[in-house]
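Scroll down for the structure; my scribbles are underneath it.
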Amino acid sequence: MNEIAGHQALARMRQLKHKKNLWFTLHHLTWNERKQEITGMRVVERCRIRTALPDDVFTREADMYLPYFDINKNEPRMCYRKLIRYVAFPPDFKLLKVNWL
């Protein structure tokens, strides 16, 4: 499986924000803040990066989160950036493993 650096993945997500009708696929681990543990993997097949909403609540620095919009469920979401494991970009949507080191 091909890899992509975390900062490169974020840059490509930001580029797609400016192109209408394009999206990316995101696979990220989910985190339970109360229990301080990973609770599973979420797959979002069609999403776009978004700006933070006024009612978004950040338990850590806002720069540590990736706010995105789930197109299929028509709802805003966010995830902790370091928990992103795989992304896929148009036109081929091949999964790329995100390397944060």
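Residue W23 is found in a hydrophobic cluster whose other members, listed by chain and number, are F69, I71, F93; membership requires side-chain heavy atoms under 4.5 Å apart, directly or through intermediates.
Annotation: side-chain hydrogen bond (donor to acceptor under 3.5 Å, both in side chains) contacts involving residues 66-75, sequence neighbours excluded, comprise H28-Y68, E75-R77. Residue pairs meeting the side-chain hydrogen bond (donor to acceptor under 3.5 Å, both in side chains) criterion with at least one partner in residues 9-20, sequence neighbours excluded, do not occur; the list is empty. A side-chain hydrogen bond (donor to acceptor under 3.5 Å, both in side chains) check over residues 86-101, counting only residues at least two apart or in different chains, returns the pairs E3-N99.
Here the closest heavy-atom approach between residue E45 and residue T25 is recorded as O-OG1, 2.8 Å. Here the closest non-hydrogen pair linking C79 and L26 is SG-CD2, 4.4 Å.
Distance check: W31 CH2 to Q36 CD gives 5.0 Å after rounding to the nearest 0.5 Å. Residue L83 holds its CG atom at 9.5 Å from CE of M41, rounded to the nearest 0.5 Å. Going from atom CG of L29 over to atom CD1 of I84 covers 10.0 Å, rounded to the nearest 0.5 Å.
Ring pair Y80/Y65 is perpendicular by interplanar angle, where above 60° counts as perpendicular and below 30° as parallel.
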side-chain contact (heavy atoms from CB on, under 4.5 Å) assessment of L16 paired with M13: CA-CA 5 Å; L16 291 180; M13 289 176 196; 5.9 Å; no
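Partners of N2 by side chain to side chain contact (heavy atoms under 4.5 Å, CB included), not counting sequence neighbours, listed by chain and number: L96. Every side chain to side chain contact (heavy atoms under 4.5 Å, CB included) that A5 has, sequence neighbours left out, goes to H7, Q8.
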